[in-house]
Amino acid sequence: MTDSAPAVVLSADGPTPAQVSAVARHGAAVELDPAMLAHLARVREQVAALAAGDQPVYGVSTGFGALADTPIATGRRTALQRSLIRSHAAGTGPEVEREVVRAMMLLRARSLAKGHSGVRPVLVATIAVVLNAGITPIVHEYGSLGCSGDLAPLAHCALVLLGEGRARDAAGQERPVPELLAAAGIAPIELAEKEGLALINGTDGMLGQLLLALADLEELLRVADVTTALSVQGLRGRDEVFRPELHVLRPHPGQAVSAANILAVLDGSAILADVRRDASRVQDAYSVRCAPQVAGGARDTVEHARTVALRELAAAIDNPMVLDDGTISSNGNFHGAPVAYVLDFLAIVAADVAAIAERRTDRMLDKARSHGLPPFLADDPGVDSGMMIAQYTQAALVSELKRLAVPASVDSIPSSAMQEDHVSMGWHAARKLRTAVANLRRVLAIELLVATRAIDLREQAPSPAAAAAIAVLRRAVGGPGPDEFLAPDIAAAEECLLDGTVLAAVEAVTGPLR
């Protein structure tokens, strides 16, 4: 079930963001730290002792949510845990992506592995073997309010551990869950006190999607610097504004990084050397001149979001929690607000980086502003519309990105008979961020396509890094020369960004971009 990715050892301290991606996207195997399992067994003994006592303990010997004051008799507690999972598996709508479900399961196991949930070791072990078998529960888009955990999505995952619900095999085929578990030699779990609640009371769905989005955005912001540098050459822009001496004067770290990346991709451009000799204009438009400020601000926002993600990745999330002294205490650590906020921030970032890229694209298509290029980069303007409609597509994507930038985390609809009267909507912030990241990639793919065509129409040679990017795109569209770019093959350009070949070709010339 692996793509030769190294195994991820689950302990009280892991995993890293890269390891989450490895399990979620590349099928890395999950192994269990023996010391972690031994610690879980010791903590479980404390929970069992409390369960046998007379003192009511939330989630152990009582109901949940608004029913927290309802005592549950000893003989009914196993049924309580099973009933909790069944009743909470109430999601609906389209299926959530496989990588999101796998990240969510790994992160729930991670939180349980910290030893503050009081579950038996077999619970964590079963999640690991289900992941290793490539079994993916079917989880639905709607059902989480991002508070008391991602309840419905995690409940659909938990059902599969019980031998119920719906799931797909490693090949993506839906099969009966008992059949899938039996084929993998996995025994369904019989839940003990507190374990049903522990399986669903976490921010793992929104955190998993945040970690995956951060990995994507880190790459896409480097791509944005590359497409900016191509557009600067396509527009016969000026490179002086990217000098490091200017960016030291405004010490935002991301801004300096972006400017340095753009300069590296521009290095050796005959087009820009000709612009400097020509000296026909003093300034470029904001979409060119201020590119490092926008992309740099995006980078700094990503760094803030990464800080939040790392804190959450180090956290134990559940309610109630088993403290180090053995007491069990109710808490609100499951509330998704910290994660929800940065998910919304990143949707804003994606929208603005896309918006400035669209403005550069539009300039290259307008004969009044493109500094000598034919209308819409057409070979025969009028007969041929050139890249006109590619920009329409880009504008439509940017418009949707602006709608997706409206925050989800400012909303709250009370639930559970007003017991849960302020929720984060973090899951919804995560879902719209996934769409925003995908749309940003498409917008940058179109800028890549248009800038490449603009450069091909210039008489001077582009920089070596730009030439490397152009060569990759030409291979993708299946042709050797500029005429092949008359048809805007957006899908081919997007695939070049998805598979990383454009960035790899550029970095083979420039060295690693930051």
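As a basis for the values below, the full set of heavy atoms in this structure was taken, side chains included, without hydrogen atoms, waters or symmetry mates. By convention here, the first residue in the shown sequence is residue 1.
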Original post:
Above 12 or not: heavy atoms from other molecules or residues under 6.0 Å from CD of E459?
Top reply: no

Subject >> Residues L513, V226; criterion side-chain contact (heavy atoms from CB on, under 4.5 Å); working and verdict >> reply: CA-CA 9 Å; L513 300 177; V226 171; 3.8 Å; yes

Original post:
Are the side chain of W427 and the backbone of E141 linked by a donor-acceptor contact shorter than 3.5 Å?
Top reply: yes

Original post:
Say you draw a straight line from CG of D352 to NZ of K402; how long is it, rounded to the nearest 0.5 Å?
Top reply: 9.0 Å

Original post:
Just by modelled atom types, is the L313 backbone N or O under 3.5 Å from a matching donor or acceptor in the R110 side chain?
Top reply: yes

Original post:
Under 4.5 Å between any side-chain heavy atoms of L449 and L473, yes or no?
Top reply: yes

**OP:** Would you sort out whether R474 and D456 count as a salt bridge (Lys or Arg N to Asp or Glu O under 4.0 Å), showing the intermediate values?
**Re:** CA-CA 11 Å; R474 281 178 175 161; D456 271 333; 2.7 Å; yes

Original post:
Is there side-chain contact between L310 and P17, with at least one heavy-atom pair below 4.5 Å?
Top reply: yes

Original post:
Between K114 and A314, what is the shortest heavy-atom contact and its length?
Top reply: CE-O, 3.1 Å

Original post:
H156 vs H140 aromatic rings, parallel, tilted or perpendicular, using cut-offs 30° and 60°?
Top reply: perpendicular

**OP:** Specify the closest pair of heavy atoms between G336 and T203, including all atoms of both residues, with the distance to one decimal.
**Re:** CA-CG2, 4.2 Å

Original post:
Can you tell me if T227 uses its side chain to pair, donor with acceptor, with the backbone of L444 under 3.5 Å?
Top reply: no

Subject >> Electrostatic pair D274-R277, nearest N-O below 4.0 angstrom >> reply: yes

Subject >> L440 CG to T435 OG1 distance, which is reported to the nearest 0.5 Å >> reply: 12.5 Å

Subject >> Verdict with supporting geometry, L106 and Q19, side-chain contact (heavy atoms from CB on, under 4.5 Å) >> reply: CA-CA 10 Å; L106 176 67; Q19 288 174 326; 5.9 Å; no

Original post:
Below 4.5 Å, heavy atoms only, C-beta onward: do M425 and I413 meet side chain to side chain?
Top reply: yes

Subject >> Basic-acidic side-chain contact under 4.0 Å: R431, E97 >> reply: yes

Subject >> Least distance between heavy atoms, A309 atom then L214 atom >> reply: CB-CD1, 3.9 Å

Original post:
Which value, rounded to the nearest 0.5 Å, describes the distance between L343 atom CG and Q209 atom CD?
Top reply: 8.0 Å

Subject >> From CA spacing to verdict: side-chain contact (heavy atoms from CB on, under 4.5 Å), L346, L210 >> reply: CA-CA 9 Å; L346 293 177; L210 173 58; 3.6 Å; yes

**OP:** Determine the minimum heavy-atom distance between P374 and P381, stating which atoms define it.
**Re:** CB-CG, 4.5 Å

Original post:
Does the side chain of D239 reach to within under 4.5 Å of the side chain of V232, using non-hydrogen atoms?
Top reply: no

Original post:
Should we count OH of Y341 as having more than 12 external heavy atoms under 6.0 Å?
Top reply: no

Subject >> Point-to-point distance, once rounded to the nearest 0.5 Å, from CZ of R168 to CZ of R98 >> reply: 11.0 Å

Original post:
Between R434 and D216, is there a salt bridge with N-O shorter than 4.0 Å?
Top reply: no

Subject >> Min side-chain heavy-atom separation R442-I490 under 4.5 Å >> reply: no

Original post:
Quick check: does any side chain N or O of H335 sit under 3.5 Å from a backbone N or O of H422, one acting as donor and the other as acceptor?
Top reply: yes

Original post:
Atom CG in L230, atom CE in M364: separation rounded to 0.5 Å?
Top reply: 8.5 Å

Subject >> R458 atom CZ, neighbour heavy-atom count above 12 within 6.0 Å >> reply: yes

Subject >> Full working for side-chain contact (heavy atoms from CB on, under 4.5 Å) between L404 and N439 >> reply: CA-CA 10 Å; L404 293 168; N439 283 356; 4.3 Å; yes

Original post:
Does S463 use its side chain to pair, donor to acceptor, with the backbone of V265 at less than 3.5 Å?
Top reply: yes

Original post:
Is the shortest heavy-atom distance from the side chain of I127 to the side chain of L131 under 4.5 Å?
Top reply: yes

Original post:
Hey, does R108 have a side-chain heavy atom less than 4.5 Å from the side chain of L112?
Top reply: yes

Original post:
So, do C147 and E420 sit near enough that their side-chain heavy atoms are less than 4.5 Å apart?
Top reply: no

Original post:
Which heavy atom of L32 sits nearest a heavy atom of A128, and at what distance?
Top reply: CD2-CB, 4.0 Å

Original post:
How long is the gap from NE2 on H428 to OG on S409, to the nearest 0.5 Å?
Top reply: 12.5 Å

**OP:** Please test S11 against D33 for side-chain hydrogen bond (donor to acceptor under 3.5 Å, both in side chains), starting from the C-alpha separation and ending with a verdict.
**Re:** CA-CA 5 Å; S11 69; D33 176 23; 4.7 Å; no

Original post:
Would you find a donor on one side and an acceptor on the other, under 3.5 Å apart, between the side chain of T510 and the backbone of V506?
Top reply: yes

Subject >> Ionic contact status for R102 with E99, cut-off 4.0 Å >> reply: no

Original post:
Backbone N or O of L107 within a donor-acceptor pair of the S111 side chain at under 3.5 Å?
Top reply: no

Original post:
So, the side chain of D169 versus the backbone of Q173: is there a donor-acceptor pair under 3.5 Å, distance only?
Top reply: yes

**OP:** Determine the minimum heavy-atom distance between R360 and S287, stating which atoms define it.
**Re:** NH1-O, 3.0 Å

**OP:** Using modelled atom types only, decide if a donor and an acceptor are shared between the side chain of D384 and the backbone of D379 within a distance under 3.5 Å.
**Re:** yes

Subject >> Salt-bridge criterion met for D225 and R299 (N-O under 4.0 Å) >> reply: yes

Subject >> Test item: D284 side-chain N/O and R238 main-chain N/O as donor-acceptor pair under 3.5 Å >> reply: yes

